[in-house]
There are 2 protein chains.
Amino acid sequence: MRKKTTITLKHLAEDLNLSVSTVSRALNNHQDISADTKELVCSYAKKMNYFPNLFAKGFRSQKTHIIGLIVPQISNYFTSTVIEGVLQEAEEKGYRVIVSESKNRPDKQEELIQMMRQFGVDGLLLSLTRKTKNVQNIIAAAERIPLVLLDKVSNKIPCTHIIINEEQAAFEAVEHLIHTGKKNIAIIKETEKSFNSEMRYRGYLKALKKHNLPIDEQYILSTEDISLQHGQRLAYQILSLQKRPDAVFTITDDCAIGVIKTFKKLQIKIPDDIAVLGFSNSLNSTIISPKLTTVDQPGQKIGATSVKYLVEEINNENQVISKTVEIKTHLVVRESTLKL
Amino acid sequence: MRKKTTITLKHLAEDLNLSVSTVSRALNNHQDISADTKELVCSYAKKMNYFPNLFAKGFRSQKTHIIGLIVPQISNYFTSTVIEGVLQEAEEKGYRVIVSESKNRPDKQEELIQMMRQFGVDGLLLSLTRKTKNVQNIIAAAERIPLVLLDKVSNKIPCTHIIINEEQAAFEAVEHLIHTGKKNIAIIKETEKSFNSEMRYRGYLKALKKHNLPIDEQYILSTEDISLQHGQRLAYQILSLQKRPDAVFTITDDCAIGVIKTFKKLQIKIPDDIAVLGFSNSLNSTIISPKLTTVDQPGQKIGATSVKYLVEEINNENQVISKTVEIKTHLVVRESTLKL
DNA sequence: CTGAAAGCGCTTACAG
DNA sequence: CTGAAAGCGCTTACAG
């Protein structure tokens, strides 16, 4: 048998011969209430182990103090650090977080947005799935509820965006390769033009241009699913090119690790023959040998910053804000590009 | 300016010249309501894009349809797969999940339990922090709210436990080492007697006993924090033993990878000189070379099963259930123990 | 300084 | 089959 009785304001009021209003005010430290009553009520509430029903409180004040978070996939190291940042900051600001996963399916993403709205979350944090085509519904949602996009964003949706300095990060990474003496740098990016992929590609182009290196079409490779397996596969393609590149920049660590695996199998020397550069600073990047040079993406900070802006917008009432905040990254140089 | 007007039952009722009760019943497919009215109301609701306020619904029915989940750390591959399982099953059952992280701090864990209760979650899923000493408060919480412990559990807390077959899994893993001809098998476990560590240790002992191998105290190593770094450190200690073992079973993959790193640096041949065996089947286990033999822990299944039992308990009203469900694991044999 | 009353959006026992 | 009313636990404008 489970104990059911929960103590409510009414119980306290009856016991103390006070009105519910007075008890409520005393507990909420309202201004015009006598010190004596306040003291009396508070100590009695404590004694009775009273806790306010947050659900009722939220219902009454039309604020749930819940934030919704939708990410494409949780079991991804970077994403999990983003979530950690979100939870931590949310807790500090007094919000709970309902977490959900769109599994990279746009239809599921829409369903979740709908569900979150229906549930009455005070604000929504969204990292878009790949192939988010129909942004109309998302824009419509943003008109009714504070929305912040993070990491995986779209310029077509006007709201606050929290991202990393994608282009600059890629630029610096590729420039690092150039500084180590590499001249024929290949890139592996996504076929689908996701925001992240495109920005990193831009950074790559910018670095080549700045250093007057030619842009060679055969060095620009794309794959649908930017994974370890495809990295392994594309590595063969890279090696079969008429003129072999002397460095490969892949826009994810997973893919870079796939490339390294194939190169090692075929006895290609990394970085002397071909250097490899990733993006994310995943846990794997220090497990693979040689250790991977990569761009560190501060997930916690992205998560925490998103909450900060979202809460600001929630408190800001009707004001819809749209600003883009870029979180700084930094390059972590390791063995896979190290000049000896 | 954000659009604020939300359509409520009252709006629909006024527009249709019906009572709120009737509209509510029509929408909820109540039995005694005329087909005509039902049709009328439903189509109008659809037209007006009405969605019920779930918060109000929950408030009224004293059911929030929210489950609380507390885990020690999210950014851990295994844990993130557990969360995926939880979210998926919860969604199917019509529950939302508030996720939170105790950061392995017992005080924080207690705070979170308190918060979840106060918030009125319908049930609580809890994976304990290491060093959970004071179980009184947790037991007290379980008296008021359905509670299911998962993965990191304690026998001192009477409620449903969803775990893997820890002892059996470790037994089979160590037996596999024995089958490959290893006779002097070391183990690295936790100093702190966590449930998981102790059960795996038991499995280790059981396998040695079954095969009449002596239990050698010097082969039983412990560390506070069972991490990659400590694996690296303990590998030196293992190599300095008077009689070197020919296999090492570490109770986590991370630690095993640390051991492998040190062994490789010192040119120890794996598995010929010393085999290495992990536990978890983390992503890293296939990145390290040689690839790690390990026990696959089906995180998704653990998560999903926990929700299944929790929801059952929620629907079961006052009945407090305490059963232990063991999820089957299986050994994944890879290079680090492969007999040539 | 305190209390009675209304109301947040819904459901449901009661009456008809 | 439909409606009026009560109530879930709280807060707050209004009166005194």
Side-chain angles (χ1 to χ4, degrees), chain A residues 4-42 44-45 48-66 94 115 117-122 144-145 317, chain B residues 4-42 44-45 48-66 94 117-122 144-145:
Chain A
K4 274 285 169 191
T5 46
T6 328
I7 307 204
T8 67
L9 279 190
K10 203 171 154 198
H11 291 125
L12 299 181
E14 276 169 7
D15 291 359
L16 294 170
N17 261 320
L18 285 169
S19 74
V20 172
S21 343
T22 304
V23 174
S24 168
R25 281 190 277 250
L27 254 20
N28 289 295
N29 204 21
H30 201 274
Q31 44 178 354
D32 40 37
I33 200 102
S34 82
D36 284 359
T37 319
K38 202 178 286 184
E39 164 60 17
L40 176 70
V41 172
C42 289
Y44 188 66
M48 295 298 283
N49 205 24
Y50 167 79
F51 285 103
N53 178 329
L54 295 181
F55 218 77
K57 235 173 161 150
F59 177 56
R60 166 63 221 237
S61 56
Q62 300 285 71
K63 292 266 177 241
T64 57
H65 279 266
I66 298 183
M115 185 276 281
R117 274 189 50 198
Q118 204 179 137
F119 195 73
V121 297
D122 288 347
R144 299 185 156 271
I145 190 179
E317 293 297 329
Chain B
K4 273 286 172 190
T5 45
T6 327
I7 307 205
T8 67
L9 278 191
K10 204 173 153 196
H11 292 125
L12 300 181
E14 277 169 7
D15 292 358
L16 296 170
N17 261 323
L18 285 169
S19 73
V20 173
S21 341
T22 304
V23 175
S24 168
R25 279 190 277 249
L27 255 20
N28 288 295
N29 204 22
H30 200 273
Q31 47 178 354
D32 38 38
I33 200 103
S34 80
D36 286 359
T37 321
K38 203 178 285 185
E39 165 60 18
L40 175 71
V41 172
C42 289
Y44 188 67
M48 296 297 283
N49 204 24
Y50 167 78
F51 285 104
N53 178 329
L54 295 181
F55 218 77
K57 234 172 161 151
F59 176 57
R60 166 64 221 235
S61 57
Q62 300 286 72
K63 292 267 176 244
T64 57
H65 279 265
I66 300 182
R117 276 189 48 197
Q118 205 180 137
F119 195 73
V121 296
D122 287 347
R144 298 184 158 272
I145 190 179

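In what follows, chains are A, B, ... by sequence order, proteins preceding strands, each numbered from 1.
- Both thresholds, 5.5 Å between centres and 30° between ring planes, are met by A/F59 relative to the base of C/dC8, so the two rings are stacked.
- Counting heavy atoms from C-beta outward, B/C42 and B/Y44 have side chains that stay 4.5 Å or more apart.
- Taking the six-membered ring where tryptophan is involved, the planes of B/F55 and A/F55 are essentially parallel, since the angle between them stays under 30° and well short of 60°.
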*After noting the C-alpha distance and the side-chain angles of A/L16 and A/V41, does the key distance pass the side-chain contact (heavy atoms from CB on, under 4.5 Å) rule?*
CA-CA 8 Å; A/L16 294 170; A/V41 172; 4.1 Å; yes
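- When the P atom of D/dT2 is taken as reference, atom CD of B/E39 falls 13 Å away, rounded to whole Å.
- One can place NZ of B/K10 at 9 Å from C1' of C/dG7, the figure rounded to the nearest angstrom.
- For DNA chain D, the neighbouring residues in residues 16-24 of chain A, judged by any heavy atom under 4.0 Å, are A/V20, A/S21, A/S24.
- Looking at heavy-atom distances under 4.0 Å, A/L9 makes contact with a base.
- Look at CG on B/N29: it is 13 Å from P on C/dT11, rounded to the nearest Å.
- What separates CZ of A/F55 from C1' of C/dC10 is a distance of 12 Å, to the nearest Å.
- Between the CG atom of B/L27 and the P atom of D/dT2 there is a distance of 14 Å, given to the nearest Å.
- If you take NZ of A/K63 and P of C/dG9, they are 13 Å apart, rounded to a whole angstrom.
- Taking side-chain N and O atoms only, B/N53 has no distance below 4.0 Å to OP1 or OP2 of C/dC8.
- For A/R25, the side-chain atoms get nearest to D/dC14 when compared with the rest of D/dC14, D/dT2, D/dC10.
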